[in-house]
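A short write-up of the structure that comes next.
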Amino acid sequence: MNLVKTISSNMYVELAKRNLKRHTVRTILAAIGIIIGVIAISSMGILGNSLKLSVAGSLGDVGNEIVVYPSYGESVITEKQVDELYKVGDIEYIIPILSNVAKAEYKSESIFTNVYGLEKDGLYQLVELEEGYFLRSGSKDCVIGANLAENLDLKLGSRLTVKDSQFRVVGILKESGFGLALNPDGATFITPEAYKKLYEDVDDGYNLVIVKVKDLDYVETVAGSIEERLNKKEDVVTVLVTGSILKSIDDIFNSISLFLIGIGSISLLVAGVSILNVMLMSTMERTKEIGIMKAVGASRKEILKMFMMEALIIGVAASLIGGVLSFGGGFVVNILILKEASYLFAPSSIMYIVAGVTFGIVTSLAGGMYPAWKASNMRPLDALRYE
Amino acid sequence: MPDSIVDLQNVTKVYTLGSNEIYALNGVNLTIKKGDFVTIMGPSGSGKSTLLNMVGCLDLPSEGIVRINGTDVSTLSDDELTTLRRDNIGFIFQQFNLIQTLTAIENVEMPMIFSRMDAAARRKKALSLFNQSNLEIEYADHRPNELSGGQQQRVAIARALANNPTIILADEPTGNLDTKTGESIMKLLEDLNSKGTTVIVVTHDQRLAEYSNTTIRLQDGEIYHESGEND
Ligand SMILES: Nc1ncnc2c1ncn2[C@@H]1O[C@H](COP(=O)(O)OP(=O)(O)O)[C@@H](O)[C@H]1O
Ligand SMILES: [Mg+2]
């Protein structure tokens, strides 16, 4: 008995492998199509995802804040309007902010900086210190952003000149990235009193107000209440929910990813057609074989299974190879377009490889479906006669 | 007739080629009893293969009724016909018709895979069929193209016997073999018949007809002579 190797427990798998081996070149070409398709889909997905992640990374912690600006045509948000804001429920805190742009000088160098005037308590809520301490009220101290400190080579205790007034640097902030309400990295923060001295001639009132809501779920309702209360007669303020901006940025990048994947899908579609073609050739060549099998008792389901098994084997093998090579593909497009590849191994990037592999397998099966169906429906006699 | 295994009534098969109608079979009535050894003879194109294919449920008549074991095959679906063939009929063809991608023994096992026999049982059965068909075990792992014509036909016979069929249908089984090998194949079929299997053989060779107990002669799709010499 051991003279004879026992046929592998699943004849369908064994037979499929042998039939694929019968036309090695053809099988490999079909597989290469799928491999390329999977790489295209995965790399494009990874590229889109990396774009999104890199933008989200530089956006910093936007959070779910409500920012109130004066509407177009209004210069400031008045003290009275701020009082109105306090009447809206579900608010944790309100930070009115004065803001302007000024030239900052230190030693022989100068640079433009956002000057923000706000209370120490407000500043504490909005930014994080790298070193030093927050402003003492009434002082002529300043807290500066990381980039400003670096650009002008400022240290704690340095005396920074802003619009002809000198401020002592008492705190330097952590780098925080581009913000939607504030841009802390290049900014100079001073007390409202100092700010008012610096800008004596401007209108009384604030340039923006940041509102923090008690519960994230209330953000939209609170924003609505603010609109209702302040914009009764005419639009005097613009209310912005930063979270929704983040969401629309997210939406934009999801669309970009989808578009890129769409481009990748075209190559997979082509690969699917080549599987269809190869399998169709294979059914034609094996018409007689199909006839013999049906004559000796193969049902339609069994013939279908045999051919689908071939599509499945090509699909799984090629898609897995494609999945592995996708790391390389993702690396290349990220280096070429983003000049860095740090987002390649992000879980969301890996998900695109999983998706690419899945699509590869599904495409192969779809390509094999028609030929397999055709084979299974051959009439045994017609098939037997075929030469 | 309770013991009739094959019963054809007024069976006609028409092929339409353009405006031409070809009567491959024309009003054939035929009854074959269980355990019969029948040879079908006749000139080329007389309808022998068509008749055999009707009996083997590979083809359905244009008119008339084909009954196998009392069942009217026109009432069966494609898959039911497949099951009927699988469990009741063994085919032997002139061109052997082995699957080239399978080894000799795998070819023998194939019908048993379709009838879902487990691996050990079908290997055991395949080896015993090898023996019964006078095949040496050492050829079990050979591909069909590595075997002689006679060996291939023996493998085909072993395959035909895999699911213990009640009927063996052979369409010119010796047509591609030399006389001596052909005779040994016929002896094998005679052997099977002596154990109770109904055997129907299409042949050109008058000498081979002597193995059978009934000879049917076809001409232009009609039976013009039926003899039961050995009855
Ligand atoms: N599929 C087919 N299409 C058209 N004509 C056919 C077909 N099969 C058989 N025929 C015709 O039917 C007749 C009988 O064929 P066949 O049964 O194969 O004869 P035999 O086996 O006796 O040589 C022949 O004239 C043949 O040309
Ligand atoms: Mg013939």
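What you see below is based on every heavy atom in this structure, not just the backbone, and it leaves out hydrogens, waters and symmetry mates. Fair warning: this is a prediction, and the values are worked out from it, not measured in the lab.
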For this session: Could you tell me which portion of A:Leu381 (side chain, backbone, both or neither) has an atom closer than 4.5 angstrom to a non-hydrogen atom of chain B?
Result: both
Exercise. Donor-acceptor pair, B:Lys48 side chain versus B:Leu218 backbone, under 3.5 Å?
Worked result: no
For this session: Measure distances from B:Asp78 to the heavy atoms of chain A and classify the residue's part below 4.5 Å as side chain, backbone, both or neither.
Result: side chain
Exercise. Which residue out of B:Asp59, B:Thr103, B:Asn97 racks up the most heavy-atom pairs below 4.5 Å with chain A?
Worked result: B:Asn97
For this session: Select, from A:Ser299, A:Gly291, A:Pro380, A:Ala295, the one with the greatest count of heavy-atom pairs under 4.5 Å involving chain B.
Result: A:Ala295
Problem set entry | Which portion of A:Glu289 sits near chain B, non-hydrogen atoms under 4.5 angstrom | both
Problem set entry | Donor-acceptor contact below 3.5 Å, side chain B:Asn29 vs main chain B:Asn10 | yes
Exercise. Where on B:Thr83 is there a heavy atom nearer than 4.5 Å to chain A: the side chain, the backbone, both, or neither?
Worked result: neither
Problem set entry | chain B contact via A:Arg300 - which portion, at a heavy-atom distance below 4.5 Å | both
Exercise. Quick one: what part of A:Arg379 sits under 4.5 Å from any heavy atom of chain B, side chain, backbone, both or neither?
Worked result: side chain
Exercise. Hey, what's the ring geometry for B:Phe93 with B:Phe91, parallel, tilted or perpendicular (30° and 60° as the breaks)?
Worked result: parallel
Exercise. Relative to chain A, which segment of B:Asn53 carries a heavy atom at a distance below 4.5 Å: side chain, backbone, both, or neither?
Worked result: side chain
Exercise. Quick one: does A:Asn49's side chain have a donor or acceptor within less than 3.5 Å of a partner on A:Gly45's backbone?
Worked result: no
Exercise. If you tally heavy-atom pairs under 4.5 Å against chain A, which of B:Thr82, B:Asp118, B:Thr101 wins?
Worked result: B:Thr101
Seminar exercise, completed: In short, A:Leu268 meets A:Val38 closest at the heavy-atom pair CD1-N, 3.9 Å
Exercise. Can you check whether B:Cys57's main-chain N or O pairs, donor with acceptor, with B:Arg85's side chain at less than 3.5 Å?
Worked result: yes
Exercise. Does the A:Ser42 side chain pair with the main chain of A:Ile39, one donor and one acceptor, at a distance under 3.5 Å?
Worked result: no
